[in-house]
Amino acid sequence: MTTAPSMLSPIAPGNTRSGAIADVLCTHCRQVVPRGLVKEGSELQFCCHGCDTAYHVIHSCGLDKYYALREAADQAATGPAKTTGRSYAEYDDETFRRLYVRGDRGGVCSTELVLEGVHCAACLWLVERLPRLMPGVLEARLNLRRSLVTVTWRDDQSPLSAIARCLDHIGYPPHPARDVRARQVQAAEDRRQLVRIGVAGACAGNVMLLAICLYAGLFQGIEPWIEQFFRWLSLGITAVCLAWPGRVFFRSAWAAIRTRTPHLDVPITLALVAGLAWSIYTTIRGSGEIYFGSLSVLVFVLLSGRFVQQRQQRHAADSVELLFAITPRAARLVDGDTTREVTGESLSAGDVVEVRAGESFPVDGHVVLGSSSVDQSLLTGESRPLRVDRGCGVLAGAVNLSAPLRVCVAATGEQTRVGRLMRMVEECSQRRAPIIRMADRLSGYFVVGMLALGVLTFAAWLFIDPPRAVDQGVALLVVTCPCALGLATPLTLTIALGRAARRGMLIKGGDAVQQLAKPGIMFLDKTGTLTLGRMSLVRWQGSERVKPFVGAIEARSSHPIALALARDLAPAIDAAPLAVRDVEQVTGAGIRATVDGSRVVIGSPAFVGAEASDAEKVSLARAAEEFAREGLTPVLVAVDGRVVAAAGVGDQVRADVPRS
């Protein structure tokens with residue numbers, strides 16, 4: 001008779017799953033163990049011999065920490081998704097619809113939204129299941145690289161605000177994507193370029209296959225009519241390649257000649273025309289060299305290189321645009337004694353908006369009511385918060401840290417500093433580097449030199465072997481086509497920009513990369529370059545025993561210094577769980593609380609000094625002065641009226657930065 005699993009002797013905690021009759025779970029894979037394999041009285045249960053073997057191998061190799069990590073990951077996965085709780089009412093505003101929504105009210109509409117928190121294929125799968133979660137949503141297509149979702153829905157069934165709340169609820173707070181029409185134009189141009197590259201690649205591949213046949217015929221023999229057929233077939237394919245994808249170079253060269261501003265497309269076109277003309281002549285004649293393979297491959301490689309270069313140049317602008325897109329597009333407009341949510345574009349200079357603690361500023365302006373700390377690291381890179389009071393200026397994208405503020409609007413949208421920064425990056429990414437401009441200037445001399453060398457080569461071969469004179473002259477023009485100047489130079493700069501972007505460095509353009517090749521002195525801003533870019537506990541002097549007190553109290557505050565102390569003292573908190581009561585935060589000064597019966601005061605030297613008076617205060621105050629001279633923010637800690645510790649908080653230097 002089989003014993004029911006629920007009546008078995010001790011099973012390891014977590015090895016059962018609730019149900020009418022509890023199932024026994026495999027210790028290794030967490031699947032249900034068949035009743036016939038359940039071992040009575042054993043804490044280790046396995047659903048198969050494979051799991052049994054895997055479990056013991058993992059333990060024998062000292063890798064049993066894997067199971068603890070798995071449990072932690074499972075608990076994190078079952079936690080609530082990040083949500084902001086916003087109503088997104090401004091998404092139904094007429095101004096918002098005019099700017100970001102395509103389609104008519106009551107019909108089929110579409111819009112593009114930038115999502116926070118998108119990072120993997122699972123996110124892609126979940127976001128694209130939006131039609132199953134929201135009635136009226138017809139399609140949701142997510143661009144994983146850009147975190148950009150295109151939503152199509154019926155406006156008479158679901159308002160856009162409800163769709164935005166749904167995305168927020170599943171953990172992806174949305175933001176409107178700017179310049180939708182410009183991106184549509186870019187996408188159309190990218191498609192055209194990819195079509196040209198595809199056609200050029202197909203032509204080049206087929207012509208090169210025919211060339212292999214012709215080269216093989218030189219050594220092994222080939223029927224004359226087959227050779228001529230392959231020549232004419234190569235001519236037809238190459239004509240398609242030059243007439244369709246290759247016309248980009250012809251059109252550009254003709255424009256350069258008309259405007260008398262020669263650039264690299266002129267010598268490239270000259271080589272293409274000369275090679276094609278001579279190849280057509282030799283094909284009609286039935287003998288001589290042909291260059292159809294070289295011409296078609298040249299078109300394919302140049303088009304591919306220019307496409308890669310253009311996409312890489314756009315990468316820097318896309319990065320800044322993403323930062324700009326996730327700055328608030330909504331604002332709380334103060335209307336008498338009440339506030340209402342509106343789009344940022346509907347605001348005008350002189351309006352007053354309310355920004356609560358933890359929110360980002362949607363506009364540039366100045367504070368008219370309130371006092372708080374502001375994090376401007378998005379714009380300045382400075383991790384230390386800035387204190388603002390009435391009359392102080394604030395910038396869009398900065399984060400209000402501690403208290404509500406009311407701000408008088410000075411600039412919105414693209415007129416803010418963030419908007420101007422984005423435009424500057426876009427302009428710089430489109431600017432040609434000096435070395436490329438120099439190559440364009442040299443192209444005029446290059447054409448003259450190519451023609452002169454071609455004529456000299458032709459004249460020399462008239463005396464050496466007259467029938468081959470034209471062949472050698474044209475071969476020189478094809479070989480000296482400026483691929484290195486036209487492709488390698490811009491592509492090298494593009495690769496440098498791409499590698500820098502992958503390492504978190506935003507370079508405005510190729511001219512900056514070119515300057516790095518010259519000897520000189522470079523000045524670096526320490527914040528986020530030589531340092532970690534965030535506040536942390538750098539120095540500590542005094543009693544180690546109070547670290548758990550400080551960490552437990554500061555965890556109850558949203559001030560950036562408190563967050564830094566709470567984060568860096570988290571191990572001390574875990575080691576000694578404490579009961580914290582009567583927390584009182586004083587804006588701009590510090591915090592008081594009772595911890596395990598002791599009254600603890602943490603804050604600035606002036607704030608703590610007013611609460612305590614003893615001999616140790618003098619030495620610790622001296623330590624605070626030393627911290628301040630090092631550029632750190634001093635924080636004193638007093639317990640029951642005695643100053644017992646001093647902390648220095650600041651932006652810590654990176655471990656990989658060499659010390660002098």
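Computed from a predicted structure; not experimentally measured.
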Is the backbone N or O of [Y] less than 3.5 Å from a side-chain atom of [X], with the two atoms forming a donor-acceptor pair by type?
X	Y	result
Asp52	Tyr55	no
Ser161	Ala89	no
Thr27	Gln45	yes
Asp351	Val409	no
Glu128	Leu142	yes
Asn400	Val355	yes
Trp244	Val199	no

Residue pair [X] / [Y], side-chain heavy-atom distance below 4.5 Å:
X	Y	value
Ile197	Phe300	yes
Tyr100	Arg97	no
Leu333	Thr339	no
Leu569	Glu554	no
Leu395	Thr416	no
Arg332	Val353	no
Pro159	Tyr91	no
Tyr88	Ile163	no

In Å, rounded to the nearest 0.5 Å, how long is the span from [atom1] of [X] to [atom2] of [Y]?
X	Y	atom1	atom2	value
Arg196	Arg192	CZ	CZ	7.0 Å
Leu115	Ile170	CG	CD1	8.0 Å
Leu565	Ile591	CG	CD1	10.5 Å
Ser372	Leu386	OG	CG	10.0 Å

Worksheet item: Which pairs count as salt bridge (charged side-chain N to carboxylate O under 4.0 Å, His left out) when at least one residue sits in residues 392-401, sequence neighbours excluded?
Response: none
Which heavy-atom pair separates [X] from [Y] by the least distance, and what is that distance?
X	Y	value
Val367	Gly370	CG1-O, 3.7 Å
Val388	Gly393	CG1-O, 4.4 Å
Pro245	Leu303	CB-CD1, 3.7 Å
Ser371	Ala403	O-CB, 3.3 Å

Practice prompt. For side chain to side chain donor-acceptor pair (under 3.5 Å), just list the numbers for Arg102 and Ser110, CA-CA rounded to whole Å, side-chain angles, deciding distance to a tenth of an Å, and then say yes or no.
Written response: CA-CA 5 Å; Arg102 301 183 298 277; Ser110 65; 3.2 Å; yes
Practice prompt. Report the residue from Cys241, Cys203, Ser304 that forms a side-chain contact (heavy atoms from CB on, under 4.5 Å) with Val299.
Written response: Cys241
Fill in: Those residues that, when tested against Arg387, pass salt bridge (Lys or Arg N to Asp or Glu O under 4.0 Å) (two or more places apart)
none
Item to complete: Applying side-chain contact (heavy atoms from CB on, under 4.5 Å), name anything that partners Cys166, two or more places apart in sequence or on another chain.
Response: Leu130, Leu133, Met134
Worksheet item: Is there a side-chain contact (heavy atoms from CB on, under 4.5 Å) between Val32 and Leu25 once you walk through the steps?
Response: CA-CA 4 Å; Val32 176; Leu25 301 184; 4.0 Å; yes
